[in-house]
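For ligands, and for the atoms within them, numbers begin at 1 and follow the listed sequence.
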Amino acid sequence: MKILVVGNGGREHAIAWKLLQQARIEQVVCVPGNGGTASLERCQNLFLSVDDFEGIGKFALEHDISLVVVGPELPLAMGITDYLQRQGLMVFGPTRLGAQIEASKAWAKALMQEAGIPTAQAAVFTEAQPAKAYVEAGKVPIVVKADGLAAGKGVTVAATVEEAQSAIDAIFQGQFGNAGKFVLIEECLTGQEVSVLALTDGLTIRPLLPAQDHKRIGESDTGENTGGMGAYAPAPLVTPALMQRIDTEVLQRAIATLRKRGIDYRGVLYAGLMITPEGDFKVLEFNCRFGDPETQVILPLLETPLEDLLLACVEQRLSKLPPITWKTGAACCVVAAAGGYPRDYQKGQAIKGIETAQGLGACVFHAGTKLEARRTEDNSLAPSPHPLTPSLVTDGGRVLGVTGIGQNFESAIALAYGAINQIQFEGMYYRRDIGKRVLSVKF
Ligand code: AMP
Ligand code: GLY
């Protein structure tokens with residue numbers, strides 16, 4: 001079986017790595033992949049852009065690809081699944097209509113309201129003036145959101161009316177392009193955020209282990225928002241009883257309402273939830289894909305072969321599969337970022353120490369890395385270049401995700417930090433407090 005994975009982040013490296021643990025996976029092709037996917041045995045990078053649907057489709061048909069797994073939201077929102085399905089390919093990931101659950105916050109909010117899914121109160125505006133008046137009449141803090149995809153930068157949690165109003169202006173003045181045609185003004189929720197990712201075939205939905213992400217750049221959750229600086233799973237905050245409620249009140253309702261709208265949603269439905277101090281919950285957002293870095297802690301704990309789950313979703317037979325099984329214990333992922341991220345940062349710094357980190361037993365997932373000298377542009381399926389360390393350089397803001405797995409959080413966190421301490425590149429930055437809040441949890 002040959003599988004094509006679309007994307008180039010830590011998430012896609014983790015997906016490829018997990019798929020390749022099964023001998024029956026002959027080959028994984030990553031489009032465009034990164035330095036980590038290029039270094040995996042039986043894995044190949046294909047240098048096409050994630051929105052080159054025609055190129056991806058042509059390659060997949062010519063090379064007998066059995067399944068295409070789409071990592072990022074952008075190609076999903078652009079309709080990669082619709083396009084590839086029309087070519088006769090099997091695709092894991094929702095169609096363009098389904099991807100609206102992430103690509104339009106106004107659409108997702110209306111769906112949640114229709115479905116009776118607990119979520120923050122919100123109002124939608126198409127012009128600045130009424131939005132500003134609404135803010136003035138309300139309470140602060142208040143949350144201002146651009147409707148569309150804005151690479152994680154479209155949300156402002158405003159402490160003052162002035163801050164909220166300038167966020168509204170920025171959105172309507174086109175800071176996020178088309179993503180800013182609508183603005184949502186939302187009540188500000190407090191508590192802890194958790195990510196519940198679930199697999200669905202459009203009829204049945206099965207949650208994966210709950211995870212918690214660390215979104216801010218600085219320790220103790222301070223500073224700017226990022227794509228995610230680390231994660232751990234299973235999140236102890238989500239007790240089995242709470243997961244049961246999330247399953248019934250969020251996941252099942254979402255799928256039922258999508259179906260009511262005629263949307264056959266097959267892929268990951270990711271609910272970002274706020275767990276209130278009283279132990280109740282509300283949905284902050286839905287994503288239409290695997291989380292990053294959550295995937296780097298969830299997949300290392302998964303025992304069921306990943307391709308069985310993905311294929312069951314695509315073939316709409318998830319209900320026939322036995323329950324998903326997991327390793328006992330915990331996983332913690334610490335992200336190594338380029339100095340300056342999430343603002344300007346340098347690329348092209350040599351990375352050292354990955355093999356030593358792996359030697360300690362950690363999984364090192366690559367995000368913004370590339371093999372500098374060996375990059376080929378001919379899209380051939382020549383063997384991956386080995387060894388990779390000497391020519392591996394940084395190529396993005398989040399560079400690596402180092403995951404430790406252990407019998408408990410203490411050992412998982414210790415392994416992740418022991419391993420990341422072996423890695424160096426100029427300007428490397430990582431948070432020292434990933435998972436700290438769960439250190440007392442015993443298994
Ligand atoms: P979103 O893209 O909607 O998930 O928003 C990005 C981040 O903004 C979330 O992960 C939260 O940290 C924060 N956020 C979003 N909505 C709210 C809200 N209603 N109250 C408080 N924080 C929020
Ligand atoms: N870790 C947050 C996300 O994947 O959206």
Under 4.0 Å from one or more heavy atoms of Asn287, ligand 2 contributes atoms 5 (O)

What part of Leu189, side chain, backbone, both or neither, has a heavy atom within less than 4.0 angstrom of ligand 1?
both

What protein heavy atom lies closest to atom 2 (O) of ligand 1? Include the residue and the distance to one decimal.
Lys105 NZ, 2.9 Å

Which ligand 1 atoms does Glu187 reach within 4.0 Å, using its non-hydrogen atoms?
18 (C), 19 (N), 20 (N)

Can you list the atoms of ligand 2 that are under 4.0 Å from a heavy atom of Gly291?
4 (O)

Please list the nearest protein heavy atom to atom 22 (N) of ligand 1 with its residue and the distance rounded to 0.1 Å.
Val157 CG2, 3.9 Å

Report the part of Val143 in contact with ligand 1, treating N, CA, C, O as backbone and CB onward as side chain, heavy atoms under 4.0 Å; options are side chain, backbone, both, neither.
side chain

Run through Ile420, Leu415, Asn421 and flag the one making a side-chain contact (heavy atoms from CB on, under 4.5 Å) with Leu360.
Leu415

Can you tell me which residue and heavy atom of the protein come closest to atom 3 (O) of ligand 1, and the distance to 0.1 Å?
Lys145 NZ, 2.9 Å

Any chance the rings of Phe125 and Tyr134 have centres within less than 6.0 Å?
yes

Please confirm whether Cys188 approaches ligand 1 to less than 4.0 Å, judged on its heavy atoms.
yes

Minimum-distance protein heavy atom relative to atom 12 (O) of ligand 1:
Glu193 OE2, 2.4 Å

Atom pair CG (Leu149) and SG (Cys288), whose distance is rounded to the nearest 0.5 Å:
7.5 Å

What atoms of ligand 1 come closer than 4.0 angstrom to any heavy atom of Lys215?
10 (O)

Identity and distance of the protein heavy atom lying nearest atom 23 (C) of ligand 1
Leu284 CD2, 3.9 Å

Does atom CD of Glu127 have more than 12 heavy-atom neighbours, drawn from other residues, nucleotides or ligands, at distances under 6.0 Å?
no

N/O to N/O below 3.5 Å, does that happen between Glu285 and ligand 2?
no

Could you tell me whether ligand 1 has any atom less than 4.0 Å away from a heavy atom of Lys282?
no

Near Gly227, which atoms of ligand 2 are under 4.0 Å from a heavy atom of that residue?
1 (N), 2 (C)

Quick check on Glu426: does its CD atom have over 12 non-hydrogen neighbours (other residues, nucleotides or ligands) under 6.0 Å away?
no

Distance (rounded to the nearest 0.5 Å) between Ile101 CD1 and Arg261 CZ
8.5 Å

As a quick check of understanding, evaluate side chain to side chain contact (heavy atoms under 4.5 Å, CB included) for Ile324 and Arg206, giving each step before the final call.
CA-CA 8 Å; Ile324 301 174; Arg206 296 229 180 137; 4.0 Å; yes

Test: Arg343 cationic atom under 6.0 Å from Tyr341 six-membered ring centre, within 45° of axis:
no

Out of curiosity, Lys153 NZ to Thr226 OG1, how far, rounded to the nearest 0.5 Å?
9.5 Å

Can you list the ligand 1 atoms lying under 4.0 Å from a non-hydrogen atom of Glu186?
16 (N), 18 (C), 19 (N)

Spacing of Met229 atom CE and Lys215 atom NZ [to the nearest 0.5 Å]
13.5 Å

Arg289 near ligand 2 by a heavy-atom separation under 4.0 Å:
yes

Near Gln424 CD, under 6.0 Å, is it more than 12 heavy atoms from other residues, nucleotides or ligands?
yes

Please state which option from Thr156, Leu149, Val155 has its nearest heavy atom closest to atom 8 (O) of ligand 1.
Val155

Near Glu294, which atoms of ligand 2 are under 4.0 Å from a heavy atom of that residue?
1 (N), 2 (C), 4 (O)

Closest approach of any protein heavy atom to atom 4 (O) of ligand 1, naming residue and atom:
Glu285 CD, 2.7 Å

For the pair Trp17 and Phe365, name the ring-plane relationship: parallel under 30°, tilted 30 to 60°, perpendicular over 60°.
perpendicular

Of all the non-hydrogen atoms in the protein, which one sits nearest to atom 3 (C) of ligand 2, and at what distance?
Tyr270 OH, 3.5 Å

Atom CZ of Phe286 with >12 non-hydrogen neighbours under 6.0 angstrom
yes

Contact with ligand 2 for Gly228, non-hydrogen, under 4.0 angstrom:
no

Out of Leu197, Asp213, Asn225, Thr295, who gets a non-hydrogen atom closest to atom 1 (N) of ligand 2?
Asp213

Would you please test Asn287 and Glu73 for side-chain hydrogen bond (donor to acceptor under 3.5 Å, both in side chains) and show each step?
CA-CA 8 Å; Asn287 294 321; Glu73 60 278 15; over 6 Å; no

